[in-house]
Amino acid sequence: MKLYNYFRSSASWRVRIGLALKGLDYAYEPVHLVRNEQFAGDFAAQQASHLVPALVLDDGTWLGQSMAILEYLDETHPEPPLLPRDAVGRAQVRALAQDIGCDLHPLNNLRVLRHLKSDMGHSQEQVDAWYRHWVATGLAVVEQKLARMAGTFSVGDTPGVADCLLVPQVYNAQRLACPLDAFPTVTRVNAACLALPAFATTHPDACPDAA
């Protein structure tokens, strides 16, 4: 398999974590979003959204969207599981993951921040305030849920899909100096995840295109 990703893309890191948890090998193909490499070459021709990640399977099939890729990996390589076995548990974990992947992250994606600054004329200070507002709003929801659901990790004592989304989001928040004092369960779970090789070895700083 080949994974197109950008080292600082939280969506890409989600998939790197999932692949590592499953013990799956892949070829790392960097796409530098800040340099607009997503609009050129084979990647642009195949990936209509121009977004990372994209996973190319051995038969040449392209898969996009991090949650869809993670669920594909769980269906095709069921051990160790990324989702609970029961339907209610899977729905609860998907909802927690989507609190980050659907409600929080898209508001702070690179293309949104670029639009706010370059096209709408907001200052960097205003863009940063936007980012921090939505991080605080989104993580408050996650914190409330984790306070009820978390064990060592987001749900129970084994890492799963929710952790794949949580850790990259916390990394982004820390990188942009978002206060996290109000989210003790989030920070505790994040630390537990980063102690595992699957999270540490896929960290943005460990990526071949880190710069």
Inset, instruction - Check whether any side-chain heavy atom of L70 sits under 4.5 Å from a side-chain heavy atom of C164, and report yes or no. - result: yes

Inset, instruction - Would you check if there is a donor-acceptor pair between the side chains of E143 and T185 at a distance under 3.5 Å? - result: yes

Inset, instruction - Check whether any side-chain heavy atom of L21 lies under 4.5 Å from a side-chain heavy atom of L82, and answer yes or no. - result: yes

Inset, instruction - Considering only NZ, NE, NH1 and NH2 on the basic side and carboxylate oxygens on the acidic side, decide whether D119 and R114 come within less than 4.0 Å. - result: no

Legend entry - Check: M1 main-chain N/O paired with D58 side-chain donor or acceptor under 3.5 Å: yes

Legend entry - Carboxylate-amine/guanidinium proximity below 4.0 Å for R85 and E79: yes

Inset, instruction - Tell me, with the steps shown, if L55 and K2 meet side chain to side chain contact (heavy atoms under 4.5 Å, CB included). - result: CA-CA 6 Å; L55 184 68; K2 180 186 292 186; over 6 Å; no

Legend entry - Distance (rounded to the nearest 0.5 Å) between L139 CG and Q144 CD: 13.0 Å

Inset, instruction - Might you point out which heavy atoms bring A150 and R188 nearest each other, and give the distance in Å? - result: CB-NH2, 3.8 Å

Inset, instruction - Could you check R14 against S66 for side chain to side chain donor-acceptor pair (under 3.5 Å), going step by step and ending with a plain yes or no? - result: CA-CA 7 Å; R14 297 167 191 168; S66 60; 2.8 Å; yes

Inset, instruction - For residues I17 and V15, determine if any side-chain heavy atom of one lies less than 4.5 Å from a side-chain heavy atom of the other. - result: no

Inset, instruction - For the pair T201 (side chain) and P197 (backbone), establish whether a donor and an acceptor sit closer than 3.5 Å, ignoring hydrogens and angles. - result: yes

Legend entry - Expected output: side-chain D163 to main-chain F153 donor-acceptor under 3.5 Å: no

Inset, instruction - Measure centre to centre between the rings of H122 and W130, then say whether the value is under 6.0 Å. - result: no

Inset, instruction - Return yes if some donor-acceptor pair links the side-chain N/O of Q98 with the main-chain N/O of C102 below 3.5 Å, else return no. - result: no

Legend entry - Donor-acceptor pair between D209 and Y28 side chains, under 3.5 angstrom: yes

Legend entry - Nearest heavy-atom neighbours spanning A54 and Q47: CB-NE2, 3.8 Å

Inset, instruction - Taking the six-membered ring for Trp and the full ring for Phe, Tyr or His, determine whether the centres of Y171 and H203 are under 6.0 Å apart. - result: yes

Inset, instruction - Ignoring hydrogens and angles, state whether a donor on the side chain of T152 or D157 is under 3.5 Å from an acceptor on the partner side chain. - result: yes

Inset, instruction - Could you tell me which non-hydrogen atom of P106 sits nearest to which non-hydrogen atom of I100, and how far apart they are? - result: CD-O, 4.1 Å

Inset, instruction - Measure from the side-chain N and O atoms of S9 to the backbone N and O of N5, and report whether any donor-acceptor pair falls under 3.5 Å. - result: no

Inset, instruction - Kindly give the heavy-atom pair with the smallest separation between C207 and F7, and that separation in Å. - result: CB-CB, 3.6 Å

Legend entry - Donor-acceptor under 3.5 Å (D99 side chain, V142 main chain): no

Inset, instruction - Could you point out which residue of F39, F43, Y4, Y6 forms a ring pair (Phe, Tyr, Trp, His ring centres under 6.0 Å) with H32? - result: Y6

Legend entry - Heavy-atom donor-acceptor pair, T202 side chain to F199 backbone, under 3.5 Å: yes

Legend entry - Shortest non-hydrogen contact from L73 toward L24: CD2-CD1, 3.9 Å

Legend entry - Distance-only donor-acceptor check, side chains Q46 and D42, under 3.5 Å: no

Inset, instruction - Please test R94 against V161 for side chain to side chain contact (heavy atoms under 4.5 Å, CB included), starting from the C-alpha separation and ending with a verdict. - result: CA-CA 8 Å; R94 287 180 178 123; V161 163; over 6 Å; no

Legend entry - Whether N109 side chain and V112 backbone form a donor-acceptor pair below 3.5 Å: no

